[in-house]
Amino acid sequence: MDVTTIINSLNDAQRLAVTAPSQAMLVLAGAGSGKTRVLVHRIAWQIKVEGVSPHSILAVTFTNKAAKEMRGRIENLLSISAHNLWIGTFHGIAHRLLRRHAQQARLPETFQVMDSGDQLRVIKRLLSNLNFDDKQWPPKEMQWYINAQKDEGIRARHCVETGDSHDRQRLIIYKAYEELCDRSGLVDFAELLLRAHELLRDNADVLEFYQKRFTQVHVDEFQDTNTIQYAWLRLLTDGKDNLFVVGDDDQSIYGWRGAKIENIYSFQRHYPNHQIIKLEQNYRSTGTILKASNKVITNNTGRMGKELWTDAGDGDLISLYAAFNEQDEAYFVVDRIRAWVNEGGIRSDTAILYRSNAQSRQFEEKLMATGTPYIVYGGLRFFDRAEIKNALAYLRLIANRHDDASFERVINTPTRGIGAKAIDEMRNIARDQSVSLWSAAILLINQRTMSARATNALIVFLELIKSLENDIEELTLDEKVKRIVEKSGLMALYQNEKMDKGDEKIENLEELVNAAKLFEFDKDNEDKLGEVDMFLSYAALEAGVSQSEESEDCVQLMTLHSAKGLEFKQVFLVGLEEGLFPSQQSVDDTGRLEEERRLCYVGMTRAMQQLYLTYAESRRLYGRETYPRPSRFLREIPAELLQEVRMRATISRPVNAVQAKSAKFQTQGSYKLGQRVSHAKFGEGVVLQIEGEGAQERVQINFKSAGVKWLMLAYAKLDIL
DNA sequence: TTGTTCCAGCTTTTT
DNA sequence: GCTGGAACAA
């Protein structure tokens with residue numbers, strides 16, 4: 001193979017990184033500077049030129065999507081199967097290690113992965129078991145606390161006793177949670193990482209094996225690693241300068257989730273022989289967009305320092321739209337998108353990016369009203385749906401009867417006459433004797449202390465699980481799922497007409513059977529896992545965003561966080577208001593404010609050609625009218641890069657009632673300065689100023705009781721007095 | 001056991 | 001102002 005195909009398409013900085021001799025390397029890759037490309041070509045270079053065996057290469061990412069893309073691109077570039085290359089997410093790789101070395105990790109072979117929903121339910125149950133008031137001990141907070149401890153590598157037994165009773169109580173909960181998970185063979189996401197770290201730390205033979213095996217270790221999005229992930233990487237590369245990390249300190253937006261931007265600084269200390277390469281040439285955005293983004297991010301302190309540039313032209317100015325309210329903002333955005341499509345633009349080249357999910361609604365309504373296809377990212381994921389989790393819980397319980405979380409999930413779903421009382425009894429027995437709920441159920445039956453009816457119901461349930469296990473043994477995976485869904489009574493439950501959204505749930509269950517059918521089981525997988533276990537791990541760890549992707553050409557709606565790594569020709573960054581973006585919770589804290597600014601930087605650098613920034617002068621928030629200030633980030637953009645835009649005076653089709661109404665007002669020319677008006681909510685007032693025209697006409701009114709307000713004629717219900 | 005009503009809460013989210 | 005969850009009644 002010709003080496004030139006690997007390095008030909010690279011710029012100087014990229015080539016330097018790709019062809020560097022094996023050494024600790026930090027590639028600071030700005031947005032759109034070819035970060036993935038460097039990683040992919042680096043690995044290809046090592047295999048083809050340095051003669052490194054694919055077997056010796058490890059590449060770690062944060063998302064399954066990134067892992068998949070990287071694998072695909074390597075295979076493409078080298079025309080080889082990257083089968084024996086370890087590319088995966090931190091969690092995926094940790095999971096694999098734990099499966100292979102379950103015993104040394106002190107885990108049962110049948111351990112199951114819990115997602116955060118499962119984890120929360122376990123914690124809730126635990127709290128009520130221990131008689132903790134969940135008003136005083138919000139389960140969400142406890143979950144956050146436990147995960148934060150684990151992210152830092154702190155076990156309950158490491159926590160130092162303080163005199164503080166709150167701390168002590170919290171520790172009791174953490175400890176009980178650990179015990180419960182151990183007993184049930186349950187592993188949460190944070191535990192995967194922590195356990196994998198401990199596995200290497202405490203088993204010299206395992207550590208040595210992997211240190212020898214992986215001569216090259218690569219990490220994507222290094223700025224997002226947390227303490228334990230970095231500690232794990234350090235163990236794996238200890239004494240060898242073979243850690244190649246790619247990241248961008250300016251795009252670190254997951255600090256609130258435990259990511260330590262400091263790891264980039266520590267890296268330089270821990271690997272003194274490292275080399276740093278900056279990738280600053282951007283292949284995505286126009287010069288104007290880059291200049292503005294650079295300017296915004298320079299307001300942050302303690303950066304590694306980096307300035308994006310492009311040899312493409314400046315392009316258009318950034319458009320700024322000051323909306324009257326959130327309705328108007330949505331109206332403007334949708335109007336622009338329709339104009340774009342009319343001129344032949346592709347809808348999926350357009351993204352609406354917002355700070356918080358709640359903001360999507362206005363845009364959805366307007367898009368729907370105009371019949372513009374759109375897709376909102378970040379909704380409930382397929383494998384997170386209740387009906388899917390129920391079905392999988394049966395599968396898990398059959399695979400591992402001591403999985404208490406699954407046991408409790410399905411014991412009375414569908415209802416089979418096992419009420420709260422019986423379940424309480426089982427919990428007590430389980431707690432007192434340190435056994436699983438399944439074992440407790442058997443004990444309870446043998447005790448014969450419950451009513452005959454309850455005892456019977458319990459026997460029926462246990463028999464159901466046992467018989468299902470027998471039934472499905474010989475079936476293919478999709479048949480297994482199908483049989484379980486039917487025999488468990490889940491199908492019948494959702495077929496019941498009274499069940500709301502029953503049809504949808506049935507469809508989802510059918511989709512699950514379909515997913516099982518499509519699931520590619522690798523018999524020779526390195527982890528010696530059975531098909532069912534593989535499928536369950538897949539559901540927990542790799543659950544795709546939404547199962548059935550819309551193939552239609554759609555406008556893309558998502559939060560700024562989920563936009564990271566993506567690019568669009570046209571980007572609308574909306575809701576640029578103090579209190580919203582930056583969010584209220586972040587404005588008093590420099591660190592958090594800087595993370596918001598990085599988020600803004602991420603959002604702006606998503607745009608390839610045209611960037612629109614919008615804010616509303618009034619916004620309904622929590623049912624209250626607010627009058628936010630424009631975001632400080634707007635002021636950080638040089639004015640000469642901005643262009644204030646107004647809505648086009650003529651709107652192509654004035655069909656909707658709102659416009660018709662404002663048109664009527666216009667023809668009457670009804671508002672003059674000093675005109676007395678009355679408003680349904682604000683009462684009587686006097687017109688002070690008039691601005692704009694058509695659907696954009698607005699008036700400033702001094703209300704007797706409510707004070708001075710700007711109102712849009714198109715929306716305000718005003719009567720002339 | 002189910003359906004209703006009431007009440008708190010309300011960034012960002014992958015694994 | 002809306003939504004999801006919990007508490008309550010039937």
Side-chain angles (χ1 to χ4, degrees), chain A residues 60-67 88-95 113-121 124 128 133-135 138-141 143-144 147 150-151 187-194 196 221 224-226 228-229 252-259 326 353-362 377-381 383-384 386 412-421 457 493 496 498-500 537-545 558-565 575 579-587 592 595-596 598-600 602-603 619-626:
Chain A
V60 200
T61 64
F62 276 85
T63 65
N64 291 299
K65 203 173 141 201
T89 62
F90 275 101
H91 293 85
I93 304 268
H95 177 244
V113 180
M114 269 193 296
D115 66 24
S116 30
D118 298 331
Q119 186 189 28
L120 187 61
R121 218 163 323 101
K124 271 188 190 158
S128 77
D133 177 14
D134 56 7
K135 286 268 161 9
K140 276 257 175 64
E141 239 163 67
Q143 182 180 29
W144 185 86
N147 289 336
K150 291 190 179 187
D151 284 347
V187 174
D188 61 52
F189 287 139
E191 182 74 26
L192 281 171
L193 303 174
L194 179 52
E221 307 274 20
D224 287 337
T225 50
N226 64 28
I228 202 72
Q229 284 162 334
S252 158
I253 54 174
Y254 286 110
W256 52 276
R257 213 164 70 187
E326 76 282 355
L353 308 182
Y354 35 79
R355 176 68 241 264
S356 74
N357 283 307
Q359 287 170 258
S360 75
R361 257 183 67 176
Q362 272 76 252
Y377 288 88
L380 195 58
R381 294 179 333 183
F383 282 97
D384 281 343
N412 209 28
T413 319
T415 51
R416 43 174 72 90
I418 305 173
K421 223 177 130 219
L493 172 71
N496 188 332
K498 277 184 282 180
M499 196 79 191
D500 66 319
S537 310
Y538 163 77
L541 285 170
E542 295 171 50
V545 176
M558 66 191 84
T559 61
L560 286 157
H561 281 90
S562 32
K564 185 163 152 217
L580 194 62
F581 187 32
S583 85
Q584 195 54 54
Q585 291 93 320
S586 307
V587 288
R592 296 177 71 176
E595 183 153 312
E596 297 277 317
R598 292 193 290 269
L599 197 53
C600 182
V602 166
R619 178 180 297 272
R620 272 194 108 83
L621 217 57
Y622 308 139
R624 209 175 276 265
E625 204 73 35
T626 59

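Because only heavy atoms are used, hydrogens play no part in the values below, and waters and symmetry mates are left out as well, while side chains stay in. All values reported here derive from a predicted model rather than from experimental measurement. Residue numbers begin at 1 in each chain, while the letters A, B, ... track the order of the sequences.
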Requested in this report: Please step through side-chain hydrogen bond (donor to acceptor under 3.5 Å, both in side chains) for the pair A:D224 and A:Q229, ending with a clear verdict.
Outcome: CA-CA 9 Å; A:D224 287 337; A:Q229 284 162 334; over 6 Å; no
Query raised in the report: To the nearest Å, how far apart are A:Q229 CD and B:dT14 C1'?
Result: 10 Å
Query raised in the report: Is A:R620 near enough to C:dG1 that one of its side-chain N or O atoms lies under 4.0 angstrom from OP1 or OP2?
Result: yes
Measure all distances between protein nitrogen or oxygen atoms and nitrogen or oxygen atoms of nucleotides 6-12 of chain B, and list the pairs falling under 3.5 Å.
from	atom 1	to	atom 2	distance (Å)
B:dT11	OP1	A:Q585	NE2	2.9
B:dT11	OP2	A:Y622	OH	2.8
B:dT11	O5'	A:Q585	NE2	3.2
B:dT11	O4	A:R592	NH2	2.2
B:dT12	OP1	A:N357	N	2.5
B:dT12	OP1	A:N357	ND2	3.3
B:dT12	O4'	A:R355	NH2	3.1
B:dT12	O2	A:W256	NE1	3.4
B:dT12	O2	A:R355	NH2	2.5

Requested in this report: Starting from P on B:dT15, measure out to NE2 on A:H91 and report it in whole angstrom.
Outcome: 9 Å
Report summary line: Atom CZ of A:R121 and atom C1' of C:dG5 are separated, to the nearest Å, by 14 Å
Report task. Please measure how far the C1' atom in C:dT3 lies from the corresponding atom in B:dT14, and state the result in whole Å. Result -> 24 Å
Query raised in the report: Could you give the CZ-to-P distance, from A:F189 to B:dT13, as a whole number of Å?
Result: 15 Å
Requested in this report: Mark yes or no for a side-chain to base donor-acceptor pair under 3.5 Å between A:S116 and B:dT15, with no hydrogen or angle criteria applied.
Outcome: yes
**Report entry** N-glycosidic conformation, B:dT11 - syn within 90 degrees of 0, else anti
**Finding:** syn
Report task. Indicate yes or no: does A:R620 engage A:E625 in a salt bridge with an N to O separation below 4.0 Å. Result -> yes
Query raised in the report: Excluding sequence neighbours, so at least two apart, what forms side chain to side chain donor-acceptor pair (under 3.5 Å) with A:T559?
Result: A:S562
Query raised in the report: At under 4.0 Å between heavy atoms, what does A:R361 touch on the DNA or RNA strands: base, sugar-phosphate, or nothing?
Result: sugar-phosphate
Query raised in the report: Rounded to the nearest Å, what distance is computed from the NZ atom of residue A:K65 to the C1' atom of nucleotide B:dT15?
Result: 15 Å
Query raised in the report: C:dA6 and B:dT11: how far apart are their C1' atoms, nearest whole angstrom?
Result: 24 Å
**Report entry** Protein-nucleotide distance (A:Q359, atom CD; C:dG1, atom P), rounded to Å
**Finding:** 18 Å
**Report entry** Spacing of A:R257 atom CZ relative to B:dT14 atom P, expressed in whole Å
**Finding:** 7 Å
Query raised in the report: Over how many whole Å does the gap from A:Q362 atom CD to C:dG1 atom C1' extend?
Result: 11 Å
Report summary line: By nearest-nucleotide position on DNA chain B, the 5'-leaning member of A:F62 and A:T415 is A:T415
Query - Under the ring-ring contact (aromatic ring centres under 6.0 Å, His included) test, residues paired with A:F189 that sit two or more places apart - result: A:H91
Query - Non-hydrogen side-chain atoms of A:Y354 and A:F581 separated by less than 4.5 Å - result: no
Report task. Give a yes/no verdict on a cation-pi contact between A:R257 and A:Y254, requiring under 6.0 Å between NZ or CZ and the six-membered ring centre and an angle within 45° of the axis. Result -> yes
Query raised in the report: If you measure from the Lys or Arg side-chain nitrogens to the Asp or Glu carboxylate oxygens, is any gap between A:R598 and A:E595 under 4.0 Å?
Result: yes
